[in-house]
Amino acid sequence: MDKDLALKQLRAEIEALEATLEDKKKQATAIVGERRELVVSEVREAIKAYRIAVRELGLVKDAKRGRPATLPTKVAMATKYRGPHGELWSGGRGRKPQWVAAVLAIGKSMEDFLI
């Protein structure tokens, strides 16, 4: 029976600790809320004082892609290859151009077309 009593005591302690934990979480949330209001106020004042535009902060999202508007949507790669009829290709990701597939099919090497 001592084990049953010890188990009951442990459960009671756990319940008390969980109640304390919930109280501490509520206190922390309240403190963060108060601090957040102060920080937002300070940031607004700094934005006005320094005349910072929203776009300068990089926080505006591109509506179509959900990315910050300041990030480039596509990065251009340098051209590496010139085809037999003047076609250009960077050798990047994705599907190979038709002229590349054609020259590889006839047994030529891409090194032959390096710029």
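Numbers here simply count residues along the sequence, with the first being 1. Just so it is clear, the values below take in all heavy atoms, side chains as well, and ignore hydrogens, waters and symmetry mates. Everything numeric here is computed off the predicted structure, so don't read it as measured data.
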Engineer: Out of curiosity, does V43 fall in the hydrophobic cluster containing V32 (side-chain heavy atoms, cut-off under 4.5 Å, transitive links)?
Structural biologist: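 In one cluster with V32: V43, no.
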Engineer: Enter the distance from W99:CH2 to L88:CG here, rounded to the nearest 0.5 Å.
Structural biologist: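 The CH2 atom of W99 sits 8.0 Å away from the CG atom of L88.
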Engineer: Nearest 0.5 Å, what's the NZ-CG distance between K24 and L21?
Structural biologist: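 The CG atom of L21 is 10.0 Å from NZ of K24, to the nearest 0.5 Å.
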Engineer: Under 4.5 Å between side-chain heavy atoms, counting indirect links through other Ile/Leu/Val/Met/Phe/Trp/Tyr residues: same cluster for V103 and L114 or not?
Structural biologist: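 Both belong to a single hydrophobic cluster.
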Engineer: Start with the C-alpha distance between V100 and Y81, add both sets of side-chain angles, then the distance that settles side-chain contact (heavy atoms from CB on, under 4.5 Å), and finish with yes or no.
Structural biologist: CA-CA 9 Å; V100 173; Y81 305 100; over 6 Å; no
Engineer: Does the side chain of Y50 reach to within under 4.5 Å of the side chain of E56, using non-hydrogen atoms?
Structural biologist: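 When only atoms from C-beta onward are counted, E56 and Y50 do not touch, as no gap falls below 4.5 Å.
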Engineer: At their closest point, which heavy atom of A78 faces which heavy atom of S90, and how far apart are they?
Structural biologist: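 In this case the closest contact between A78 and S90 is O-CB, 3.3 Å.
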Engineer: Grab the two heavy atoms, one from F113 and one from P84, that are nearest each other, plus how far apart they are.
Structural biologist: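 Looking at all heavy atoms of both residues, the closest pair is CE2-CD, 3.9 Å.
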Engineer: Got a donor-acceptor contact below 3.5 angstrom from the S41 side chain to the E37 backbone?
Structural biologist: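 Looks like no, no N/O pair under 3.5 Å.
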Engineer: Could you grab the distance from atom CG of L38 to atom CZ of R35, nearest 0.5 Å is fine?
Structural biologist: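 It is 5.0 Å, given to the nearest 0.5 Å.
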Engineer: Atom CD of residue position E111 - does it have more than 12 heavy atoms of other residues, nucleotides or ligands inside 6.0 Å?
Structural biologist: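 Count not over threshold, so no.
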Engineer: With rounding to the nearest 0.5 angstrom, report the CG to CG distance, L10 to L5.
Structural biologist: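 That separation rounds to 10.0 Å.
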Engineer: Give me the atom names and distance for the closest heavy-atom approach of R82 to I115.
Structural biologist: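 Closest pair (atom of R82, atom of I115, distance): N-CG1, 3.8 Å.
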Engineer: Answer with yes or no whether the hydrophobic clustering places L7 together with L17; edges join I, L, V, M, F, W, Y residues whose side-chain heavy atoms lie under 4.5 Å apart.
Structural biologist: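 L7 does not cluster with L17.
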Engineer: Can you name the nearest heavy-atom pair linking E87 to H85, along with the distance?
Structural biologist: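 Minimum heavy-atom separation between E87 and H85: OE1-N, 3.0 Å.
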